[in-house]
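The next block holds one structure in the form of structure tokens; read it before the comments.
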Amino acid sequence: MTRRTPPRIARGLLRRVVHDDSREMIDGDLHELYVHRLDAYGALRANAWYWLETLSFLMRFTLDRIARFFRGFSGDHAPSVLDLKLGARMLAKSPGLAFVGGLGIAVAVALGAGAYAVINSYFYPDIPLHEGDRVIAIGKFDPRRRYEEEHILHDFVTWRRELRSIVDVGAFRTIRRNIVADAGAPEPITIAEMTASGFRVAKIPPLMGRTLIDADELPGAPPVLVIGFDVWQSRFNGDRSIIGRQLRIGTTLHTIVGVMPERFGFPVNHQYWTPLHIDPAVAVAPGGGPGVDVFGRLAPGATKETAQAELATITRRLSAEAPQPLANMESRIVPYSDIFVHAEAEGETSAYAILRFLIAIFLVIVAMNVAVLVYARTVTRTGEIAVRTALGATRSRIVMQLFAEAFVLSGVAALAGLAVVAVGLRMFDAALAGLFEGRPPFWMHSGLSAGTVLYTVGLAVLAALIIGVFPAMRATGARLRAAMGSIGSGAKARLGATWTLLIVVQVAISVAILPLALLKVVEMTQLAMRPAGFAPGEYLSTKFLVERDGTPIGNPTDAVIDSTRRVVNALLAQVAAEPGVAGATITISSPWNGGGNAVVETDLPNAEATTTSVQNVDTNFIHLFDVRMLAGRPFDAGDAALRLRDRPVIVNRSFVDKMLGAGDPLGRRIRYRAYGDDVQPWMRIVGVIDDFPKAVRTPGGQVTRGAAMYHLAVPGDIYDGLLTIRLRGRTPEDFTPTLRRIAMSVDPTLQLSDTRSLDSMYREDTRAAKQLAAVVILVTLSVVLLSAAGIHAMMSFAVNQRRREIGIRSALGAPARLLLTSVLARASRQLTLGVAMGLAAALAADTMSGGMLLSGTRLLLVPATAVFMLMVGIFAAAGPARRGLRVQPTEALQAD
Amino acid sequence: MTSHGLGEFEQMVLLAIAHLKHDAYGTPIVDEIERRTGRSVARAAVYVTLRRLEDKGLISSWMGEATPERGGKARRYVKLAPLGVTALREARHAAERMWQGLDPASLRAR
């Protein structure tokens with residue numbers, strides 16, 4: 001016999017999509033029509049008809065719901081001031097919920113809005129130039145090595161000559177030179193050596209005089225200089241007769257030809273511009289010349305896509321002519337800001353897009369958590385809502401009111417989050433300004449932008465929708481009609497399966513994630529607080545730069561290298577000869593941060609290539625910082641003579657642990673990883689030193705200091721670096737004037753800048769780690785707190801629901817312990833389930849990572865977290881359970 | 001739209017209810033509109049409109065009998081509320097005023 005009911009799935013779908021109050025009617029009408037069709041046309045056609053009708057209803061009712069939702073924001077359904085006041089009063093009545101929920105949302109909003117602000121100003125900024133979105137940069141990348149090639153002068157010359165879809169293709173490089181005023185000490189300045197086309201791309205006329213012109217770039221053209229508004233004001237007191245004056249830069253006199261207006265900083269943050277000299281008669285080999293950045297403006301009618309296509313055609317031809325590894329590189333049009341952030345090479349833009357998405361997801365999870373808390377409270381108000389409905393309030397009106405209440409909570413929390421973001425951005429700007437001598441790139445705006453505030457408002461509304469509307473829709477749905485039928489007889493609201501599942505999942509996530517988060521917190525705190533392993537207060541550091549005039553383009557000549565070496569050696573010798581100086585060393589950047597990272601491989605069979613930090617140090621380095629030699633020997637003068645043949649390197653303890661294992665590391669060979677045919681020569685390990693600065697060992701014995709490798713640098717190699725002097729019996733402040741005097745006597749054009757105690761540099765470097773640790777701690781705390789609050793809310797709800805039963809059982813003489821067990825049973829089941837799921841997830845993640853995440857004693861953290869979460873849960877449940885036991889039978893019965 | 005915000009489709013549904021008198025519920029309303037206009041209408045659109053008209057206070061509804069061929073579900077009958085009658089009259093007057101001075105037979109596209 002044929003079934004005379006409509007297709008089950010279609011009917012289920014239909015019942016879900018239509019409004020509660022229309023469900024019975026529509027279900028019945030369609031059922032009736034379905035039966036008629038079944039009799040007239042058979043099951044196949046009847047079923048097809050029913051499915052088509054279901055889809056039609058699905059579409060129409062979904063659209064209707066959306067329309068109703070938006071109509072809710074206008075007219076008499078709109079949340080009123082009274083709703084907001086009521087919301088504030090409800091929050092005041094539940095301070096625990098307000099605090100926990102507010103903290104969770106504030107942390108999530110602060111993370112979301114902060115990330116949005118930083119990522120946008122950093123990666124996707126609006127370039128404040130005329131049609132700034134048409135100003136682009138061109139980069140050359142090696143996708144396999146995630147590496148951006150800087151030496152692209154050869155390509156630039158071709159691009160400038162051939163590209164039609166990009167106009168005013170230009171290039172620049174940033175150099176530092178000493179500027180020598182009429183009388184007085186030389187002062188280092190930063191100059192943009194730029195093609196004249198840069199000013200045409202910026203489309204900003206000069207305040208006085210002229211900008212650079214193409215003729216200035218030609219060989220033999222008289223040296224000219226354009227200055228920025230700020231230096232015109234500060235250095236030349238706004239002298240209106242400045243044009244035509246001469247200024248000595250290094251050893252060359254330059255004529256000032258123009259002053260640019262205020263806030264002009266193109267190409268990045270520059271205040272001095274000289275022409276980039278490219279001799280058209282001298283061919284630059286591929287990969288030759290200095291590192292430059294290339295920019296341009298899309299031609300009228302051209303798009304990034306058409307320009308990219310044209311660029312690709314040229315690149316294919318250039319690659320065919322270029323030697324390895326240049327032949328494998330690709331050229332890409334990138335956002336203009338990439339000349340500064342260089343995110344394209346690292347694939348960072350997509351990584352940050354993912355980060356932004358993850359943070360948004362985090363907010364949704366937090367808001368869902370808060371929604372659990374709010375829902376638990378909302379269902380206790382089912383009676384009140386039912387009465388209001390009976391008095392004529394529509395469902396959308398009630399939903400709007402609950403939304404307004406949620407918005408008060410999320411709005412206040414978002415404001416707090418925004419305040420944190422404002423402070424954080426100020427710190428970020430200060431850090432940026434510090435990095436760029438008080439002058440961040442011209443497109444970076446400090447403080448909160450309108451976009452960030454709007455984004456935050458969006459986050460607050462999203463949070464309020466999740467917190468307020470979801471619970472409200474459920475609380476005013478079918479359940480409400482049941483409640484209306486029993487107004488005055490004790491509405492039996494229930495926490496549905498969805499919410500119970502949320503609590504279980506939340507406990508599970510906490511158990512799975514907390515061990516890793518805790519480890520991170522400990523690790524970061526230790527990193528932030530770690531002792532330096534040396535006494536930074538004893539050291540004075542200064543950046544230095546030896547003038548290398550005469551070779552603006554191309555590799556320095558031997559004569560230039562020799563003169564540089566003479567200057568640096570004389571500086572080192574004179575400093576070391578001063579009384580109270582224990583020694584001096586030269587590095588490229590800070591002594592602990594290395595010069596960069598590289599992937600290296602060893603000569604061990606089947607050894608995996610690993611990333612290591614690489615530092616260039618001189619023969620004084622190890623001794624000067626009292627770094628312990630664990631094996632072999634430090635670099636000596638003999639290495640310096642033969643360093644290009646023998647290629648000696650020193651590695652640290654972490655390097656040996658990570659890459660070489662138990663065997664004798666001395667004499668082992670290592671080399672940079674080869675890409676294609678580009679095989680690198682072997683280097684030989686001559687010594688092993690302790691980790692510097694001292695490694696931090698986390699609870700599980702993991703070493704946070706990474707592997708490091710040291711090359712020998714001869715002072716002449718480093719002409720732009722950091723000089724660190726160790727003092728005995730003299731303070732860094734005392735010694736600074738002496739250092740300046742020595743520098744003047746060695747070479748009047750030698751630039752010293754950022755002269756200060758190494759201590760302040762060390763503290764600055766660890767500050768970022770401290771701030772990051774604080775953020776991780778805050779996020780971890782809010783997750784624990786939310787989990788605890790969720791369990792607490794669920795327990796309170798369960799107890800409230802059973803007040804009558806508890807009261808009666810207590811009156812009938814049931815022992816308190818039995819009652820308590822019964823009350824706690826449900827919470828315990830959910831807690832245990834959550835903990836079990838969390839444990840399984842943590843162990844599964846650990847197994848999948850090959851035991852990397854929780855190796856050794858760190859594995860103990862998982863059961864410890866499980867026990868902790870159980871205790872948190874029981875603690876959160878204890879209060880409501882105790883309240884339940886105190887229920888008097890008369891009270892419980894009266895309440896109904 | 002009239003002062004009651006009546007759309008064309010809403011007017012049709014209200015008029016169908018008026019024609020059906022005491023036998024107005026979803027299925028006959030759809031049939032009535034189709035029969036009189038010769039147009040096929042989406043059933044879901046009629047139900048969405050019925051709900052909206054009830055929200056506006058233009059119609060009222062009551063539950064009828066549940067029958068086995070309806071899967072045990074009751075019919076929900078609707079009738080015009082006083083506000084609905086007023087809205088229909090206003091719509092009619094507005095249309096008549098707009099037609100005044102025009103001869104339907106002599107209308108030409110220019």
Side-chain angles (χ1 to χ4, degrees), chain A residues 3-8 10-15 17-40 46 49-68 71-72 74-77 392-397 481, chain B residues 1 3-7 9-10 12-13 16-17 20 22-35 39-79 81 83:
Chain A
R3 270 189 325 123
R4 294 179 66 81
T5 51
R8 201 166 48 87
R11 183 165 174 246
L13 196 61
L14 181 80
R15 289 184 60 85
V17 297
V18 300
H19 298 291
D20 293 345
D21 51 3
S22 311
R23 190 171 293 137
E24 295 290 294
M25 159 178 76
I26 293 170
D27 193 7
D29 287 2
L30 289 194
H31 193 285
E32 195 173 355
L33 289 168
Y34 172 80
V35 171
H36 288 164
R37 278 176 166 68
L38 195 66
D39 294 341
W49 170 84
Y50 196 91
W51 265 108
L52 284 176
E53 285 294 342
T54 301
L55 294 177
S56 167
F57 273 84
L58 176 77
M59 192 184 73
R60 299 266 174 183
F61 274 79
T62 305
L63 286 176
D64 186 56
R65 271 174 201 273
I66 294 169
R68 277 166 186 272
R71 269 203 301 276
S74 59
D76 56 351
H77 291 314
T394 59
R395 186 180 182 193
S396 60
R397 183 72 196 79
R481 282 194 303 281
Chain B
M1 290 246 186
S3 58
H4 283 92
L6 270 194
F9 194 69
E10 286 177 333
M12 280 191 206
V13 174
I17 295 169
L20 289 166
H22 298 297
D23 196 27
Y25 69 96
T27 308
I29 294 172
V30 174
D31 294 343
E32 187 72 14
I33 297 173
E34 288 189 344
R35 191 174 65 78
R39 276 170 22 190
S40 116
V41 291
R43 193 169 299 276
V46 171
Y47 286 93
V48 168
T49 307
L50 282 176
R51 191 161 186 267
R52 192 161 58 236
L53 292 174
E54 192 161 21
D55 281 354
K56 287 182 180 177
L58 303 180
I59 57 171
S60 57
S61 66
W62 74 96
M63 302 306 282
E65 70 286 0
T67 58
E69 69 265 64
R70 294 179 55 82
K73 304 285 182 299
R75 276 188 188 146
R76 185 153 159 197
Y77 291 96
V78 291
K79 64 173 184 183
L83 214 54

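Every chain is numbered from 1, with letters handed out A, B, ... down the list of sequences.
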Contact winner vs chain B - A/S56, A/S22, A/G28, heavy-atom pairs under 4.5 Å: A/G28
Straight-line distance of B/R51 CZ to A/M25 CE, nearest 0.5 Å: 9.0 Å
Contacting region of A/L30 [heavy-atom separation from chain B under 4.5 Å]: side chain
Which portion of A/E24 sits near chain B, non-hydrogen atoms under 4.5 angstrom: both
Straight-line distance of B/K73 NZ to A/I26 CD1, nearest 0.5 Å: 13.0 Å
Chain A contacts, top residue of B/A44, B/G26, B/A42, B/A45 (heavy-atom pairs, under 4.5 Å): B/A44
Beyond-backbone contact of A/D29 with B/Y47, side-chain heavy atoms, under 4.5 angstrom: yes
Stepwise side chain to side chain contact (heavy atoms under 4.5 Å, CB included) check, A/V35 with B/R70: CA-CA 8 Å; A/V35 171; B/R70 294 179 55 82; over 6 Å; no
